[in-house]
2 protein chains.
Amino acid sequence: MKKKTKDLDFPRPLTTVDLAIFTVAEDALKVLLVERPTEPGEPFPGLWALPGGFVDVDHDMDLEDCARRKLVEKTGVASLYLEQLGSWGNATRDPRDWSVTHAYFSLIAREPLKLRAGANAADARWFPIVGNTVRTRLAFDHAEILGTALQRLRSKVEYTSLPAFMVPKEFTLTELQHAYEIVLGRPLEKSAFRTRVLAAKLVEPVNKLRQGPNRPAQLFRLKNSRTPVYFARTFNPRYDK
Amino acid sequence: MKKKTKDLDFPRPLTTVDLAIFTVAEDALKVLLVERPTEPGEPFPGLWALPGGFVDVDHDMDLEDCARRKLVEKTGVASLYLEQLGSWGNATRDPRDWSVTHAYFSLIAREPLKLRAGANAADARWFPIVGNTVRTRLAFDHAEILGTALQRLRSKVEYTSLPAFMVPKEFTLTELQHAYEIVLGRPLEKSAFRTRVLAAKLVEPVNKLRQGPNRPAQLFRLKNSRTPVYFARTFNPRYDK
DNA sequence: TAAATAGTGTCTCTAAGACATTATTTG
DNA sequence: CAAATAATGTCTTAGAGACACTATTTA
């Protein structure tokens, strides 16, 4: 701990980090939740919550560092996509004290993926998104945070390549389109979709085909797997006069 | 203060709120800065900084509340546009301790506007944006925060009505276009601009004209002065093959 | 050959880009 | 009248929407 001058001697809020980790699997958008511990003194025992925990001032270099650590702890994968969602802080969200959480937003491809509950959670599980939330009551203000995360995800998917982060490393254009449609909840037009994705140079073909009971499909991979692509237009802009 | 259970007894970061307040004036985009106090123990004495300060756990209901309070303290205006920009937290940004700031992003029209320095600042002043920053060294990591704010502003201006919040209550379409051009740093095509703004039902005419040494211009006001409009396309998408 | 999905082509439509033209005021 | 800016019109173009059509595999 560093030296403190006298005037810093006032109450400070609790500081935590929470993660909204999304994936697409079994034709649904899913979010990763963990079960709150039931030890005495723990708030919201037994309820499901976004994975997260306290910032460890002595070990975390910075907030994003802390978020990445928790992401790996929970999923075992280093997500390609992690962005800050926002912070929620007020006097009542945690019954223990004035608290602030820094919510992060992550997209992962659900490939091997062995879920680990980790220190502060009894169990971890994928919950399908229904409407703007999940079919279970969430701890803290996590329903609100999840709602904001979904809003952000859906609005960004309209003009970015975000779904490409929720798909296996090699994928067909139809599979990518399907990921878009699941997140957006509406069908997209095939030929326009392909033209756009190829024109954006978002993907490049690999020398492999996906076999099936029909014509095999060209497999692609992301050209730049780090940063998303921003399109100049949204999909299907409603021409509502 | 609420009761604390024993396991909450670990070091907590300092928690602050900072504001990037922008306006358009004298053909330039400007940001509001305050001068750091020079009392002993204060970090970065005499340097310019984004206005902000510690979260007051006993008086602030929540973070946004705290941001609004500081905004009014500094500018005397309740901005129509305030959004969260993000949070910056690490061990080194404040020499006093591990600290987290919650940065907010605000747009105001520079009408009457009497700047007030307020408690923790010797002086407050508008600085023109040059490139991605201002022509003075900033305290803390505020140069980075300002850079992120500018990035967010410029990218959002491509597909939203944000500049409408930096223009007086009544304005001509040319004035609005001018605000766009100042933020974006490039000229827009007049006829396309007008068609888009009118088609979006963003503005409505008031029964007044702006007089000048030429043909007078129709004055408009925002139709919904609370929420910005999102366009389905960006301005001038670069057709770079 | 039928079934199934991959992939392309055609025609229309919306809105932007470029730029010219008309409109309305003051001096 | 000239000067100046407001406001609109014309023609072209990029890319989406709708939907048909062709291609290539397995059973």
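Order of the sequence lines fixes the chain letters, A, B, ..., with proteins taken first and strands second; residue numbering starts at 1 for each chain. Predicted model, so just to flag it, every value in this text is computed and none were measured.
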Winner on side-chain proximity to A:Pro216, out of D:dA16, C:dG17, D:dT24, is D:dT24
The nucleotide from C:dT8, D:dA7, C:dT26 with an atom nearest the side chain of B:Gln211 is C:dT26
Residue pair A:Thr174/A:Pro213 against DNA chain C: nearer the 5' end by closest nucleotide is A:Pro213
Starting from [atom2] on [N], measure out to [atom1] on [X] and report it in whole angstrom.
| X | N | atom1 | atom2 | value |
| --- | --- | --- | --- | --- |
| A:Phe193 | C:dG7 | CZ | P | 12 Å |
| B:Glu181 | C:dG17 | CD | C1' | 14 Å |
| A:Gln218 | C:dG7 | CD | P | 7 Å |
| A:Arg210 | D:dA23 | CZ | P | 24 Å |
| B:Phe235 | C:dG17 | CZ | P | 9 Å |
| A:Leu209 | C:dT5 | CG | C1' | 13 Å |
| B:His178 | D:dA6 | NE2 | C1' | 16 Å |
| B:Asn214 | C:dA23 | CG | C1' | 12 Å |

| Do B:Arg93 and B:Glu144 meet the salt-bridge criterion of a basic N to acidic O distance under 4.0 Å? | no
- Query: So, is the end of the B:Arg221 side chain (NZ or CZ) under 6.0 Å from the ring centre of B:Phe171 and within 45° of the ring's axis?
  - Reply: no
>> Are there over 12 heavy-atom neighbours, none belonging to B:Lys223, within less than 6.0 Å of that residue's NZ?
In response: yes
Margin query: Could you check whether the side chain of B:Ser191 and the base of D:dG9 have a donor-acceptor pair of N or O atoms closer than 3.5 Å, going by distance alone?
Written below: yes
| query | So, do A:Phe235 and A:Tyr159 have ring centers that fall under 6.0 Å from each other? | reply | no
Would you list the atom pairs, donor with acceptor, under 3.5 Å between side chains in residues 129-137 of chain B and any protein atom, with sequence neighbours excluded?
residue	atom	partner	partner atom	Å
B:Asn132	OD1	B:Arg154	NH1	3.3

Result for 5'-nearest mapping on DNA chain D, choosing between A:Glu189 and A:Arg215, is A:Glu189
**Prompt:** What does B:Arg194 touch in the nucleic acid at a heavy-atom separation under 4.0 angstrom: a base, only the sugar-phosphate, or nothing?
**Reply:** base
